[in-house]
Amino acid sequence: MESPEPEGWPGVLHREGRTLCRLAVDPAGAGSGPATKGEGAIFHNPAMAGSRTRSVLLMQHAIEAGLLGDSTVYALDGLSASGLRARRWLNELPADTAARISATMSDMDPVALDWAMRCHEEFPPEHGKGELIAHLGDLRKTVLEHGRHWVDVDPYGSPLPFLDTAIQSLARRGVMEVSATDSAALTGSSKNALLRRYGARVRTDGLAHDSGLRVLLATVARTAARHDRSIEPLMSIWESHHLRVSLRVVRTVEGANRVEGSLGWRVGSPTVEEVGLSISAGLHPETTLDSLPMHCFLPLSHPVERSDKRVSGPLWIGPIGQSEAMASLTEERALEICGPIASEVDAVGWSEKDFEYERRRIARSVRHISDEAAVIDAPHLILVDDLSSWLGSGSPPSPSGMVEALRGAGHRSAVAHYGRPAFRTDAPWDVIVGAARGLQPPM
């Protein structure tokens with residue numbers, strides 16, 4: 001006997017990427033971000049569409065690169081809500097990849113899981129590959145039922161309550177993706193919450209979101225170390241209302257013992273002595289000290305004054321992404337895997353313009369990531385607005401102009417995938433200053 005339809009079914013037909021689903025309310029009129037939680041029968045956040053696209057592409061890379069072994073990949077969408085992330089994994093990945101995936105959608109709302117499975121049955125993957133399982137229960141219990149190769153933690157608020165068990169659930173080599181919507185805490189706007197939850201402080205400057213990502217990475221790294229594991233960041237993104245880190249987790253006592261070597265402090269307006277220490281620790285390129293940089297990293301062993309408002313940390317001071325993983329997230333590949341294909345008779349009633357808009361949104365979600373891959377290990381993330389203010393020049397130089405100038409000088413550089421105009425580079429600070437003044441002379 002067929003189960004009764006859930007309240008509100010069939011709702012509104014919606015497409016994200018190449019995947020169709022039904023939602024209780026039209027996301028176009030529901031707003032975005034965590035403030036919409038609780039509106040309608042099924043929580044769905046359209047602002048996370050780019051995050052879900054990147055998750056599909058990163059899973060494809062991880063499987064192609066052999067990061068998840070060569071047999072069945074057990075993946076968990078731990079707080080699935082509408083289930084769209086797990087369904088996009090199966091619907092949009094190529095058939096040979098999807099065939100290896102056993103994906104579990106876990107949620108504490110039985111209605112949400114009912115909607116998600118009905119959507120999967122109505123709009124299954126065209127290639128018919130992969131397995132999708134619905135699991136009713138708390139993520140902290142679900143993850144421990146058996147080992148996972150991929151765990152996605154996307155909570156409403158802080159991910160801290162879920163990190164311990166999520167890391168314990170991972171196979172010897174696995175990938176974990178962690179979202180945090182408590183960005184006010186992680187970026188230093190809510191200082192008490194930041195100190196209480198993460199044991200850190202963050203300076204509320206232009207790099208606050210980058211510092212927040214690094215605080216989150218440091219928190220995950222320390223949690224992993226408690227379970228004899230180490231992390232390797234694959235990609236770290238600030239977008240809209242949330243911060244998100246994607247990382248490889250490997251069981252290794254040696255790596256866990258070295259965790260503090262990847263942690264330290266970010267200092268704004270550093271002194272000559274601090275810059276010299278950063279250079280000697282290999283955290284800053286060799287440079288003259290005629291003009292001091294806006295920021296530098298210092299190792300965790302360096303003593304800092306808790307009252308010093310220039311200091312952010314403890315935070316992750318290593319690369320916040322992996323070159324190979326980020327290089328795979330090109331706009332071309334995003335459109336090939338996730339871009340919807342226009343149809344004359346469309347179930348949602350989209351016009352060619354609607355399809356083109358979604359394809360542009362897909363491409364925009366990965367813009368600059370593959371270019372930034374070649375320089376993700378560089379010590380400098382520089383906001384051009386801050387640079388012009390620091391140097392007392394006129395209008396800020398364009399990030400692409402700075403990149404071209406620095407590459408011409410023989411250094412690595414790329415426009416950053418960051419919420420504000422910025423670039424990354426391994427160039428010495430005096431070279432950066434020379435390039436900026438060449439583009440925008442002092443006032």
Exercise. Run through L67, I101, V175 and flag the one making a side chain to side chain contact (heavy atoms under 4.5 Å, CB included) with M59.
Key: I101
Quiz item: Between H146 and Y74, what is the ring plane arrangement, given parallel below 30°, perpendicular above 60°, and tilted in between?
Solution: perpendicular
Quiz item: Within the distance-only criterion (no hydrogens, no angle test), does the side chain of S236 pair as donor or acceptor with the backbone N or O of I320 below 3.5 angstrom?
Solution: yes
Self-check item: Contacts of H284 that satisfy ring pair (Phe, Tyr, Trp, His ring centres under 6.0 Å) - sequence neighbours left out
Solution: H380
Quiz prompt | Pair D228 + R251: basic N to acidic O under 4.0 Å | solution = no
Exercise. For A225, check side chain to side chain contact (heavy atoms under 4.5 Å, CB included) against everything at least two apart and list the hits.
Key: A256, V259
Self-check item: Test salt bridge (Lys or Arg N to Asp or Glu O under 4.0 Å) applied to D210 - qualifying residues, sequence neighbours left out
Solution: R214, R266, R424
Exercise. Provide the full list of side chain to side chain donor-acceptor pair (under 3.5 Å) pairs with a residue in residues 293-302, sequence neighbours left out, each pair given once.
Key: D205-H295
Quiz prompt | By side-chain hydrogen bond (donor to acceptor under 3.5 Å, both in side chains) - contacts of R87 (at least two apart) | solution = none
Quiz item: Could R244 and E239 be called an ion pair, given the rule that one side-chain N must be under 4.0 Å from one carboxylate O?
Solution: no
Quiz item: Does D96 have any salt bridge (Lys or Arg N to Asp or Glu O under 4.0 Å) partners at least two apart in sequence or in another chain, and if so, which?
Solution: none
Quiz item: When you check the gap from the basic side-chain N to the acidic O, do R367 and E331 get nearer than 4.0 Å?
Solution: yes
Quiz prompt | By side chain to side chain contact (heavy atoms under 4.5 Å, CB included) - contacts of D377 (at least two apart) | solution = P319, R412
Quiz item: Sequence neighbours excluded, which residues qualify as side-chain hydrogen bond (donor to acceptor under 3.5 Å, both in side chains) partners of S278?
Solution: none
Quiz prompt | Sidechain N-carboxylate O distance under 4.0 Å for R85, D152 | solution = yes
Quiz item: Can you tell which of I432, V375, D426 makes a side chain to side chain contact (heavy atoms under 4.5 Å, CB included) with H411?
Solution: D426
Quiz prompt | Sequence neighbours excluded, every pair satisfying ring-ring contact (aromatic ring centres under 6.0 Å, His included) that has a member inside residues 195-229 | solution = H209-W238
Self-check item: All side-chain hydrogen bond (donor to acceptor under 3.5 Å, both in side chains) counterparts of E92, not counting sequence neighbours
Solution: T19, R88
Quiz prompt | Non-neighbouring partners of Q322 that pass side chain to side chain contact (heavy atoms under 4.5 Å, CB included), sequence neighbours left out | solution = H61, E232, L234, E324, A325
Quiz item: Taking only residues two or more places apart in sequence, or in another chain, which ones meet E64 in a side chain to side chain contact (heavy atoms under 4.5 Å, CB included)?
Solution: Q60, R333
Self-check item: Carboxylate-amine/guanidinium contact R420 D386, below 4.0 Å
Solution: no
Exercise. Is it possible for you to check whether R22 lies under 6.0 Å from the centre of the six-membered ring of W115, through NZ or CZ, and within 45° of that ring's axis?
Key: no
